[in-house]
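Worksheet for the structure shown next.
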Protein chains: 2
Amino acid sequence: MAKKTRGVTIPDIAKAAGVSTATVSRVLNGVDYPVRPELKERVLEVAKDLNYTPNIFGRMLKGGKSNDIGIIIPTLTNPFYAQVVSGIERECRKRGYNPIFCSSYSDPEKEREFIHLLMQKRVEGMLISTINQDSTFLKNVLKQQSNIVLFDQQTEDLPCDNISFDFFEGGKLAANYLIENGHRDIAFLTLSFVRKSRQSIYDGIKAAMKSHGLSLTKERTFILSIKNEYEDSIDEFENGRMLARQFIEANCPASAIIAINDITAFGIIREMSDHGVDIPGDISIIGFDNISTSAMINPPLTTINQPSFETGRLAARVLIEKIEQEIDMNSNLLLKPSVVERKSVKRI
Amino acid sequence: MAKKTRGVTIPDIAKAAGVSTATVSRVLNGVDYPVRPELKERVLEVAKDLNYTPNIFGRMLKGGKSNDIGIIIPTLTNPFYAQVVSGIERECRKRGYNPIFCSSYSDPEKEREFIHLLMQKRVEGMLISTINQDSTFLKNVLKQQSNIVLFDQQTEDLPCDNISFDFFEGGKLAANYLIENGHRDIAFLTLSFVRKSRQSIYDGIKAAMKSHGLSLTKERTFILSIKNEYEDSIDEFENGRMLARQFIEANCPASAIIAINDITAFGIIREMSDHGVDIPGDISIIGFDNISTSAMINPPLTTINQPSFETGRLAARVLIEKIEQEIDMNSNLLLKPSVVERKSVKRI
DNA sequence: ATGAAAGCGCTAACAC
DNA sequence: GTGTTAGCGCTTTCAT
């Protein structure tokens, strides 16, 4: 017996309070419209008595704001995105908006579907972590809904706000940190470059090494091709183990490893341990992301901080400014990386 | 210049295609209503050309289903809930519903606000992990919206579906596992009992020990009172460290520790390591939850599995059944715990 | 200060 | 098979 209550409506209240629907609406919306205090009170009381819940659809239809904001991220299963989402939610709520989250699992098809869904829901704007290389689709969407800010993945040539992380600089930072600690033979263990961010990190590492007269050779670069991006974080862990196995089998003599992200680094550490390789005694490792568990693991992981919660907040803030100011000034923010020094890198 | 497009409407299409609005509506909804194929095609084409996006508010107002499901959880920051939420989303999408997530941060006030918000949004039902002890509020809500299923926290005396975890049994299992491994002196490190689940675990442990002629003494029970439940998972980690410090300072001779949850266990492990105490060499530890990182940490954490993803799926499934069947059969499921044996408990 | 009424975009009952 | 039209609940202009 699911509720079929046709709900209390404004006319119901109007009748019960002996006033017009206009008055009720005015009172209920608390606008500064002159209404006799006595009436106002009566209406409010009746509304409460009848347990009135406004039907937003009527209001929306009349042209109101939905106050919804659509968000598309790859997955909540990855703590990095969980943090981003927390930041987004925090900022949205603070400003009176309701976030609507959709997990695309990095599937371009799903991404498209969600965008349509959100458009139908008449969201005020969207926050998207897109993987879609095909920018024509997004360009079309932008024609209908210009309140879009992309985050986390830089997508060039799109006339759209973008909050992202300076992966190139991050790659440089990681390499430089290792070099400063005396490492000259550095390896890079990564997943395939379907995400542009990975390519950027790679480029950053190469740039940093080059400027020190070193180089990241093919033999030091381990690239794992996987079918499913982000099905589950345990998969990323397994990817790390696989990469470590390749590294070991290749008899790679590098003294330090840069891992494409923290969870992958966890997998690498585990596999190394299982092979009796001590971290950081025998080999050093640095990760990317700085998810909260990186501080909890053994050894505590030195990593490149990508301010997840802040990214979420910032992205939401930029979007909301845009929605409210109704101006189209595209910002293109690039968040700066920093290294979080812990215990997984040894000075040699 | 945020979009002010008054959008393409059905009448627009009708005019452009030279048919009536009714025809357009019928075609667009793809109902099996007889329409001349030729017209059908024309309408579809015009709709595509005009880039038509239906205005759901009109449809809703007409009495349609929102297909939204509201979800209230403490926080996404805790990987356990992130997993639950993933499970919920998966099931919802599969069945054609859109989840709307709200993080209450275990604040009863926020919880109430969200419930109102969701009621206004005319969700088809709600999935709530409530912390609210005051059941009268929820009882009132149930009068207006009977499609509610509570999960994760058992709340007795509420005429409402409930999916929860058998914490008592979990506590027993943890203690028994330790006992089977030769431990007779067991300590319990926990956060304060604001959540009923913690009390249940405690009771379970005591029951198991009693049945083996052992007992969990006051001196073996460390309870940390904290102000903020779930502000951030790093807080829980710190809580673990604090508990470990208390444990050490008290010179507690227990050979094994049961931690109230995995992240707290991580903190305990870290603090112990920092004090030169080897896990599991010197002392064994077992956690609760089995979050994914528990498998990644060193040593891999032995823990009581609480099937997070499955809980989410199941809760969503039960709710959807309820919504669609329109019957009011309350189920009260109690998920069974199991121990996940890894490396943090030593046989003695 | 209050009320009557139009209309937002859609669906469906009814008429043809 | 197709079209006309009456609302769904709300806000808001315009009249009073």
Side-chain angles (χ1 to χ4, degrees), chain A residues 3-44 46-47 50-68 116 119-124 144, chain B residues 3-44 46-47 50-67 119-124 144:
Chain A
K3 268 277 117 55
K4 278 283 91 116
T5 359
R6 226 194 73 296
V8 178
T9 70
I10 287 193
D12 292 338
I13 300 178
K15 209 167 299 170
V19 295
S20 76
T21 60
T23 303
V24 174
S25 173
R26 298 200 263 252
V27 170
L28 259 28
N29 287 339
V31 289
D32 50 1
Y33 196 95
V35 175
R36 234 173 47 240
E38 174 205 334
L39 279 196
K40 189 172 197 154
E41 205 170 328
R42 182 139 43 105
V43 169
L44 252 18
V46 172
L50 264 43
N51 212 334
Y52 172 71
T53 305
N55 185 327
I56 43 165
F57 301 123
R59 189 182 316 193
M60 288 301 91
L61 197 47
K62 218 19 204 178
K65 295 186 62 182
S66 72
N67 276 356
D68 286 341
H116 280 131
M119 294 289 289
Q120 288 193 203
K121 281 193 168 298
R122 293 296 201 272
V123 294
E124 310 289 342
Q144 300 202 158
Chain B
K3 269 276 117 59
K4 277 285 90 115
T5 0
R6 225 193 74 294
V8 178
T9 70
I10 286 192
D12 292 338
I13 299 178
K15 208 166 302 166
V19 295
S20 76
T21 61
T23 303
V24 174
S25 174
R26 298 199 263 251
V27 170
L28 260 27
N29 287 338
V31 288
D32 51 359
Y33 197 95
V35 176
R36 232 172 48 239
E38 172 204 336
L39 278 196
K40 189 171 198 158
E41 204 169 329
R42 181 138 45 108
V43 168
L44 251 19
V46 172
L50 264 41
N51 214 332
Y52 172 72
T53 306
N55 185 327
I56 44 166
F57 300 123
R59 189 184 318 194
M60 289 300 93
L61 197 46
K62 209 33 197 174
K65 296 186 63 180
S66 72
N67 274 357
M119 294 290 288
Q120 289 194 202
K121 280 192 171 298
R122 294 293 200 278
V123 294
E124 310 290 343
Q144 301 202 155

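Just so we're on the same page: letters track the sequence lines, and every chain starts at 1.
B/Met119 has its side chain within reach of B/Gln144: a pair of non-hydrogen atoms, C-beta onward, lies under 4.5 Å apart.
Listed candidates were D/dG1, D/dG9, D/dG3. Nearest to the side chain of B/Pro34 is D/dG1. The side chain of A/Lys62 sits closest to C/dG7 out of D/dA6, C/dG7, D/dT4. Listed nucleotides: C/dG9, D/dT12, C/dC14. Nearest to the side chain of B/Tyr33: C/dC14. The side chain of A/Leu61 approaches D/dG9 more closely than any other nucleotide in the set D/dT4, C/dT11, D/dG9. With distances taken from any side-chain atom of B/Arg26 to the nucleotides C/dT11, D/dG9, C/dA13, the minimum falls on C/dA13. For B/Leu39, counting side-chain heavy atoms from C-beta on, the closest listed nucleotide (C/dG9, D/dT2, C/dA13) is D/dT2. Comparing C/dT2, D/dT2, C/dT11 by their nearest atom to the side chain of A/Arg36 picks out C/dT2.
In this entry the distance linking CE of B/Met60 with C1' of C/dG9 reads 12 Å, nearest Å. Rounded to an integer number of Å, the gap from B/Asn55 CG to D/dG9 P is 17 Å. As a whole-Å value, the separation of A/Glu38 CD from C/dA1 C1' is 12 Å. Going from atom NZ of B/Lys15 over to atom P of D/dG3 covers 14 Å, rounded to whole Å. One interatomic measurement links the two molecules: CD1 of B/Ile10 to P of D/dG7, which rounds to 19 Å at whole-angstrom precision.
By the side chain to side chain donor-acceptor pair (under 3.5 Å) test, A/Ser66 is found to be paired with A/Glu124, residues two or more places apart in sequence or in another chain being considered. Judged as a side-chain contact (heavy atoms from CB on, under 4.5 Å), and not counting sequence neighbours, the contacts of B/Lys121 are A/Ile56, A/Asp68, A/Asn98, B/Ile100, B/Val123.
With the end axes of the helix from C/dA1-D/dT16 to C/dC16-D/dG1 each set by five pairs, the angle from one to the other reads 40° at 10° resolution.
Contact annotation: B/Ser25 side-chain N/O to C/dT11 OP1/OP2 distance is under 4.0 Å. Residue B/Ser20 places none of its side-chain N or O atoms closer than 4.0 Å to OP1 or OP2 of D/dT4.
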